Amino acid sequence: MPRTLEDIKLKNTDRPISRIPSISKPKEDRVIPPNKVIHTPKSMHSTPQMRMKPKAVRGSLLAFFALSIVLSGTYFITGHFAGVSIVLSQKQQSTKLEQKAFTLAKGADSPINFEVMIVPGKETRDITLTETKTLPEKVSGDITLYNEFSTKAVAISAGSFVSDDTGKAYKTDRAVTIPGYKLVGGKVVAGQAMMSITSFLPGDAYNSENTNSTHFSISAYKGTTKYKKIYGLMRRPISGGAMGLSYVVGSDPKALANIDIIKADHSFRDNLMKKVEVPPGYLLYPDATTFTSDIDSNILSPTASAKIAINSTLSAVIIKESDLSRFIIKSAIPDITDKELSEIKLNNLNNLKFRFTNTSQAITKDMQSVDFTLDGEVALLWQPDIDKLKMDLAGAQKGTVQSIFHTDPGIANATVKFFPPWLSYIPNDISKINITTK
């Protein structure tokens, strides 16, 4: 009975609902007072599985973007900054020459071509004279006679008259025969003979300084075809003509001693060597020259203080450098190919010792050949064709690079550095292939 009465009270609808403490409104209808903190039970938090899923997605996206950046950067570096640096060691070899014999000759068939240079010079030196002489005196000197008239020799008798451009007359001091001319390469090379002459009359009017420009004609040929074809050129100044009292060298010991000192002066030769202008592609060895000097001691001076003239000539044989280099290389490596030959340069070629085979060798403009020897050591240095090598290497796989180097005989060894290091081939762009030699 008591339990029944209690149940009836709870169901009494006349009692206000707010007075029933054990019954509360549903949670969604509860009014939360302001500033009141509601603590959510741990059991109501999200489950672990639901919390990890968005983070995993975000991580995957970040990894994808990072990988994309790395791959893009790698592609950019490989495409724009990729390159190869190659250092080549050139092949070298030395060759020693011991009185190696050579022959120079002119012509397309000659293995070693050459040219001849003639350099004239004139200087004066002061000299004091003490000996005097009463004049008149005739002029005397030397001329060179040329025969362009005939291939046969022409004889000129002693005492024949010759005249210069101004009409002054001289006489030949002795008989001479001028050789006939020769045809060399289709050109006329005149026969030559030296002749001494003396002025017909005394006096300084016959003196002349115009070496190699004063033209002499043989009077007996005037009016004939020989007149212009057989002629003379002054070989050295013609002097000695004077009237009255003049100072001369004579037999004065002091003056003669001074002349000997002047003759021994090496500065004349040195000065002429400085005047030699060797054309590009040719070599001049100091000993491939001859030097002559002539002091005109036939001085006639109105005062004791005089000047003595020294006429000198330097004759030089200049050698075509490329011909000489090829000859030496082929002598050192007889079976060398033309391709390999083109890659080799000779060092120290200028330092070789040159000697004429004939110690009294005369050098003239019309000489066609000359023998000589060379002594010393030269270095052969191979110079690989860098441009061709770049073309051969472009696009090659890393593993084939060394085999390409082996095709060039001028490469002793080579080191290759790739950038970036993982590059497995040489770029096709040859501007990205940097080659240096050592």
Side-chain angles (χ1 to χ4, degrees), residues 89-119 121 266-293 312-385 409-412 437-438:
S89 294
Q90 299 163 265
K91 182 179 176 181
Q92 298 185 49
Q93 177 180 325
S94 61
T95 298
K96 192 172 185 179
L97 305 177
E98 294 181 340
Q99 294 187 357
K100 176 70 176 176
F102 297 86
T103 296
L104 299 175
K106 291 184 177 179
D109 296 333
S110 172
I112 310 175
N113 269 276
F114 76 103
E115 297 292 338
V116 172
M117 299 182 69
I118 307 294
V119 183
H266 293 289
S267 65
F268 299 121
R269 181 192 181 99
D270 295 340
N271 291 340
L272 287 184
M273 282 293 291
K274 293 175 184 177
K275 292 182 180 180
V276 177
E277 296 182 2
V278 181
Y282 283 84
L283 286 171
L284 172 61
Y285 290 102
D287 291 334
T289 59
T290 58
F291 176 77
T292 58
S293 63
S312 54
T313 302
L314 181 76
S315 302
V317 171
I318 56 175
I319 305 171
K320 194 169 183 179
E321 184 174 4
S322 59
D323 288 354
L324 182 60
S325 294
R326 287 175 64 89
F327 194 91
I328 293 175
I329 294 169
K330 284 188 172 183
S331 298
I333 313 173
D335 58 347
I336 192 170
T337 64
D338 289 340
K339 179 182 179 300
E340 186 175 359
L341 180 64
S342 65
E343 289 188 1
I344 302 176
K345 179 182 178 182
L346 284 186
N347 290 333
N348 305 325
L349 197 58
N350 287 322
N351 296 335
L352 296 175
K353 181 67 176 177
F354 179 100
R355 290 185 182 89
F356 285 117
T357 303
N358 178 7
T359 55
S360 58
Q361 177 70 54
I363 300 175
T364 61
K365 273 286 188 183
D366 58 344
M367 66 188 299
Q368 296 300 304
S369 65
V370 61
D371 297 324
F372 68 97
T373 61
L374 288 175
D375 284 271
E377 190 170 350
V378 291
L380 283 68
L381 179 64
W382 276 252
Q383 296 181 315
D385 188 338
I411 300 175
T437 57
K438 67 175 184 177

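Note that the coordinates shown come from a computational prediction; the quantities given were computed from them, not determined experimentally. Position 1 is the first residue of the sequence; numbering continues from there.
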Report yes if some heavy atom in the side chain of [X] is under 4.5 Å from a heavy atom in the side chain of [Y]; otherwise report no.
X	Y	answer
Thr437	Gln383	no
Ile336	Ile344	yes
Phe291	His266	no
Thr364	Val116	no

For [X] against [Y], the heavy-atom pair lying closest together:
X	Y	result
Ala332	Thr95	CB-OG1, 3.5 Å
Ser110	Ala105	OG-O, 2.9 Å
Ile118	Ser315	CD1-OG, 3.2 Å
Ile318	Pro279	CD1-CD, 3.7 Å
Gly410	Pro384	O-CG, 3.8 Å
Phe372	Thr357	N-OG1, 3.3 Å

Query raised in the report: Pairs in or reaching into residues 273-292: which pass side chain to side chain donor-acceptor pair (under 3.5 Å), with residues at least two apart or in two chains?
Result: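 Of all non-adjacent pairs touching residues 273-292, those that pass side chain to side chain donor-acceptor pair (under 3.5 Å) are Arg269-Thr289, Asp287-Lys353.
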Measuring from [X]:[atom1] to [Y]:[atom2], what's the distance to the nearest 0.5 Å?
X	Y	atom1	atom2	result
Lys91	Ile411	NZ	CD1	11.5 Å
Leu283	Leu352	CG	CG	9.0 Å
Thr313	Leu272	OG1	CG	7.5 Å
Lys100	Leu374	NZ	CG	10.0 Å
Leu349	Ile319	CG	CD1	8.5 Å
Ser325	Leu380	OG	CG	9.0 Å

Who pairs with [X] by side-chain hydrogen bond (donor to acceptor under 3.5 Å, both in side chains), at least two apart in sequence or on another chain?
X	answer
Glu340	Trp382
Asn271	Glu123
Ser89	Asn413
Asp375	Arg355

According to side-chain contact (heavy atoms from CB on, under 4.5 Å), who are the partners of [X], at least two apart in sequence or on a separate chain?
X	result
Asn358	Ser360, Gln361
Ser94	Glu377
Gln368	Lys106, Val184
Gln92	Leu381

Query raised in the report: Is there any salt bridge (charged side-chain N to carboxylate O under 4.0 Å, His left out) pair reaching into residues 314-339, and which pairs are they, with sequence neighbours excluded?
Result: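 Of all non-adjacent pairs touching residues 314-339, those that pass salt bridge (charged side-chain N to carboxylate O under 4.0 Å, His left out) are Lys339-Glu343.
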Query raised in the report: If you look only at pairs with a residue in residues 358-372, which of them pass as a salt bridge (charged side-chain N to carboxylate O under 4.0 Å, His left out), with sequence neighbours excluded?
Result: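 Sorted result for residues 358-372: empty, none.
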**Report entry** Residue pairs passing the ring-ring contact (aromatic ring centres under 6.0 Å, His included) test where at least one lies in residues 315-343, sequence neighbours excluded
**Finding:**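 The answer is Phe102-Phe327.
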